[in-house]
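Here the structure is laid out as structure tokens; the discussion comes afterwards.
What's counted below: heavy atoms across the whole structure, side chains too, no hydrogens, waters or symmetry copies. If you're wondering where the values come from, they're calculated on a predicted model, not measured in any experiment.
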Amino acid sequence: MVATSDIVIEVRDLDFYYGDMKALRGVSLNIKRNQVTALIGPSGCGKSTFLRLLNRMNDLIPGTRVEGQVVFEGKNLYDEDVNPVDIRRRIGMVFQKPNPFPKSIFNNVAYGPRLNGIKDKKRLDELVVRSLKQAAIWEEVKNSLDKSALSLSGGQQQRLCIARALAMAPEVLLMDEPTSALDPIATSRIEELVEALKKDYPVVIVTHNMQQAARVSDDTAFFYMGEMVEMGNTERLFTKPEKQQTEQYITGRFG
Amino acid sequence: MTKGGIFPAIIGTFYLTIGSSLIALPLGVASAIYLSEYAREGWLLRLIRLGIQNLAGVPSVVFGLYGLALFVVFLGFGVSILAGSLTLGFLILPTVIGASEEAFRQVPSTFREASLALGATKFQTICRVVLPSAMPGVLTGSILGIGRAAGETAPIMFTAATFYTKHLPTSPLDQVMALPYHIYVLATSGTHIDQTRPLQYGTVLVLISLVLGINIFAIIIRTRMRRKKTW
């Protein structure tokens, strides 16, 4: 059994609807501190939808509805008095396709801190440098902070996006298939980065790629048809799956 | 009519152009932000869009009469730079709204998503990401509209332009000479046609050059934007 303090996000009986379509049914799981949690499953199984529920990004889609609870730091994120903008400042997100702003490298990373009202040039400098170092991209960009972020390669752009999220000092980092648009070398650099980040940030990563889940994660949750079928220690889940569906998926019989 | 030069008319057209931009740009961009970022799709939005499109097709002389009734008479601005700028501003407003909306549409939604995911409010996202990314497009479309306004005669005939003055305007409530109206005057009211005809074509050349200059400026902005834009 894990102690409650090890749990950073506790999801209880979460249902999610796009209009009349029920996209998630009764999902309950725990996200633990200092760990990487992978969400796997075939396309359309609801894993990305689930991820976006953890920082209320689905609020932006009209006609959606949530039932159940996502408890973060003792508070249900879907309570009436919770401001989604606040939540998104505390829970960072990295997207499938690198999406830097058409601004300089520096201004990309400084974007979040500036939202928080930090104007002091020295503090911004410090934050930007620290975040770029944490995201393992500092050495490549330290002489070109004024250059457009769009001039970077895809893998560099994605690490820049990670730096941009880290500059907010998030309490959790969500990653939605962060390497699916990248080549194998760029992918392995991101994976190393995820490994390094988990001591400071709980990471939840959605991935198509089961090898990736096996390589980077401590816990894995398998989603299928809007349900969370099985969750557990990654090694255990991949070697001794308890549910038949999980076994069929990880052995490649469907998906 | 053959002495004095057209400097007052050039200055008058300059003021009217600047004045109408000052009115149409903020109002047009704000309307476009509402339409593309805030308004919910529905019958009301369709009605507003239809209205704007139709407004763009209204003959300019109608805008002139509207300006006369509203700004000159009802609001008491008199025949003045202010009344003329407002009238011209309204004339190009639909163009500015259309160009801006198109420019906002071309900003990828991933930019908005990235900003919102960092905890920006919708308003912050629009000010810090959407507007800067769309600005070149907004400006190009708007400047083309402004170029059109600079050459319009009918809207300023009743609202701003005067037949002849030696003085340069000293306040927004002054009347001014303006190039398009000056051409009209030269072409229709001269008693010594052989003397005014060269002046008339000279003024036409100046006006055309001015409008061409404005359009080239817009094209330069657009080309630069295309070179910079890689998303």
Side-chain angles (χ1 to χ4, degrees), chain A residues 51-52 54-63 83-104 107-117 131 148-152 157-158 160-171 173-176 181, chain B residues 29 33-46 48-49 99-100 102-141 221-231:
Chain A
L51 189 77
R52 294 167 62 96
L54 300 182
N55 68 342
R56 294 198 57 170
M57 282 302 279
N58 284 335
D59 287 25
L60 304 169
I61 307 167
N83 182 354
V85 168
D86 257 10
I87 296 305
R88 295 185 202 125
R89 287 186 189 189
R90 294 172 60 195
I91 302 183
M93 187 165 214
V94 175
F95 294 84
Q96 196 168 353
K97 257 182 74 189
N99 56 359
F101 299 124
K103 300 174 185 284
S104 72
N107 284 336
N108 260 280
V109 184
Y111 187 85
R114 282 187 177 130
L115 290 176
N116 276 341
S131 309
S148 166
L150 301 176
S151 66
L152 298 174
Q157 286 188 7
Q158 194 61 303
L160 179 69
C161 291
I162 295 172
R164 185 175 64 184
L166 294 180
M168 294 295 281
E171 292 161 59
L173 192 60
L174 309 177
M175 303 177 117
D176 189 0
Chain B
V29 171
I33 286 176
Y34 171 74
L35 291 174
S36 71
E37 308 287 325
Y38 285 98
R40 284 271 173 95
E41 288 299 328
W43 65 269
L44 183 65
L45 187 60
R46 281 204 298 277
I48 293 175
R49 285 224 172 88
S100 307
E102 182 56 35
F104 290 138
R105 241 198 311 275
Q106 281 179 6
V107 176
S109 60
T110 55
F111 290 177
R112 295 182 180 85
E113 203 174 47
S115 171
L116 294 166
L118 285 164
T121 61
K122 191 163 188 172
F123 186 68
Q124 286 171 324
T125 300
I126 290 167
C127 292
R128 297 178 190 215
V129 178
V130 181
L131 204 51
S133 310
M135 216 46 191
V138 170
L139 286 180
T140 312
I221 293 185
R222 183 167 52 194
T223 329
R224 286 196 150 184
M225 165 185 78
R226 285 215 182 117
R227 212 177 307 146
K228 246 180 73 182
K229 194 160 102 176
T230 51
W231 65 76

Any idea which heavy atoms bring [X] and [Y] closest together, and the distance?
X: B:R128; Y: A:K103; value: O-NZ, 2.7 Å
X: A:M93; Y: B:A117; value: CB-CB, 4.2 Å
X: B:L118; Y: A:A165; value: CD2-CA, 4.0 Å
X: B:A114; Y: A:N99; value: CB-ND2, 3.3 Å
X: A:V85; Y: B:A120; value: CG2-O, 4.3 Å

Point to revise | Pairwise distance CZ(A:R88) to OG1(B:T121) - rounded to 0.5 angstrom | key: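 The OG1 atom of B:T121 is 10.0 Å from CZ of A:R88, to the nearest 0.5 Å.
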
Practice item. Measure the spacing between CG of A:N55 and CG of B:L116 and express it to the nearest 0.5 Å. Key: 10.5 Å

In terms of heavy-atom proximity below 4.5 Å to chain B, should [X] be classed as side chain, backbone, both, or neither?
X: A:R114; value: both
X: A:P100; value: backbone
X: A:R90; value: neither
X: A:L60; value: side chain

**Study point:** Pairwise side-chain contact, A:F101 with B:S133, heavy-atom cut-off 4.5 Å (strictly under)
**Key:** no

Exercise for review: Test A:K97 against B:E113 for salt bridge (Lys or Arg N to Asp or Glu O under 4.0 Å), laying out the working first.
Suggested key: CA-CA 11 Å; A:K97 257 182 74 189; B:E113 203 174 47; over 6 Å; no

